[in-house]
Amino acid sequence: PVNHLQNPRERMAFPGRIRPTKASDGTLTALYLRVSTADQKPDLQYDGLRSYAARAGLHVVRDYCDVGVSGRREGRPQLNALMAAARNREIDCVLVWKFDRFARSTRHLLAALEEFNHLSVRFVSVQDQIDTDSPMGRAMFTIIGAMAELESSLISERVTAGMRAAETRGKHLGRPATPMRVIGEIEALATSTDLSIREIQSKIAGRASRGIIGEITKRVRTDQPMAL
């Protein structure tokens, strides 16, 4: 019998269920699945993805499934492992059940699709009927990019309009100014002691941020004459 563990692809220690791989078996495909709670089962996704892969002649080599993880959470270990496998050229295709099982947001989806495109990794979303190897899939990729750019522009415009409206009403924008008395205390501590920024912040009971304390301390200690 063939010892599939001799295949260098199989020696890579990625999470998920691993199947023997053979380059002659077709496109090396990874499945990605996600369920939001530990009580949910990914069986529907598994069955649908395996069935699609069989019909499309895709050779499934690994399954990656995040269990009990929100779609908006960035730290998804199995998704991270999938992306690492793609970057290491361990897979040629990523197969998901739906976009919302894979991406946190439109921006995240676009970033992932751009990376897959750069790596020449095919991406297929079964329920959304999107395949980046097809003309329609490539067109959808362009549309998603345009929508993400439009979303970013609209958010920027709303923020700018809100800031202008606040300024018109005389509202102060940004971080409140540090009182001169507090600045004086920081300058005194920075001049007369060698306390760290964290220690100075503790001495003034956190009445200024570390960034402000750092700026004042650097200015004061840089301006001090050197001891002869």
Side-chain angles (χ1 to χ4, degrees), residues 2 4-5 7-35 42-67 69 71-151:
V2 178
H4 295 294
L5 293 180
N7 188 323
R9 294 182 183 273
E10 290 303 305
R11 291 198 295 267
M12 300 300 292
F14 287 106
R17 291 182 235 182
I18 301 175
R19 296 180 175 81
T21 63
K22 293 181 181 178
S24 61
D25 286 345
T27 304
L28 301 179
T29 302
L31 309 182
Y32 179 75
L33 312 91
R34 180 182 63 80
V35 289
D43 296 347
L44 174 64
Q45 295 178 56
Y46 269 123
D47 293 344
L49 293 176
R50 287 171 181 156
S51 176
Y52 180 93
R55 294 195 306 272
L58 303 175
H59 180 55
V60 178
V61 294
R62 288 180 177 84
D63 303 334
Y64 297 88
C65 183
D66 279 309
V67 177
V69 179
R72 292 191 173 273
R73 182 178 170 185
E74 294 187 15
R76 285 190 269 169
Q78 294 292 287
L79 178 60
N80 294 340
L82 169 68
M83 299 305 295
R87 292 166 190 144
N88 288 332
R89 312 291 180 174
E90 293 295 315
I91 54 176
D92 305 315
C93 177
V94 173
L95 189 60
V96 303
W97 186 239
K98 291 184 69 176
F99 279 148
D100 64 3
R101 297 294 89 191
F102 176 79
R104 298 188 305 271
S105 62
T106 303
R107 186 170 298 178
H108 173 221
L109 175 63
L110 180 62
L113 291 180
E114 286 178 340
E115 184 166 7
F116 288 148
N117 183 58
H118 174 73
L119 296 169
S120 299
V121 173
R122 180 181 176 188
F123 180 87
V124 180
S125 175
V126 175
Q127 286 293 294
D128 300 302
Q129 299 183 359
I130 297 299
D131 182 346
T132 56
D133 259 12
S134 70
M136 182 61 71
R138 289 189 289 273
M140 182 58 67
F141 175 77
T142 302
I143 293 170
I144 291 171
M147 293 301 293
E149 185 174 349
L150 175 62
E151 180 184 24

If the condition is side-chain contact (heavy atoms from CB on, under 4.5 Å), which residues does [X] pass it with, not counting sequence neighbours?
X	answer
Leu119	Ala86, Arg87, Arg89, Glu115, Val121
Gln129	none
Ala139	none

With sequence neighbours excluded, what pairs up with [X] under the side-chain hydrogen bond (donor to acceptor under 3.5 Å, both in side chains) test?
X	value
Ser125	Asp128
Ser51	Arg55
Arg101	none

Inter-residue atom distance [X].[atom1] - [Y].[atom2], 0.5 Å rounding:
X	Y	atom1	atom2	value
Arg62	Leu28	CZ	CG	9.0 Å
Thr27	Asp133	OG1	CG	8.0 Å
Leu31	Tyr52	CG	OH	12.0 Å

- Do Asp92 and Arg122 sit within salt-bridge range, that is, some charged N less than 4.0 Å from a carboxylate O?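 No, this pair does not count.
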Hydrogens and angles aside, do Arg76 and Tyr64 bring a side-chain donor and acceptor to less than 3.5 Å of each other?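 The criterion, which ignores hydrogens and geometry beyond distance, is not satisfied for Tyr64 and Arg76.
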Show the numbers, then the answer: is there a side chain to side chain donor-acceptor pair (under 3.5 Å) between Tyr32 and Asp66? CA-CA 8 Å; Tyr32 179 75; Asp66 279 309; 2.7 Å; yes
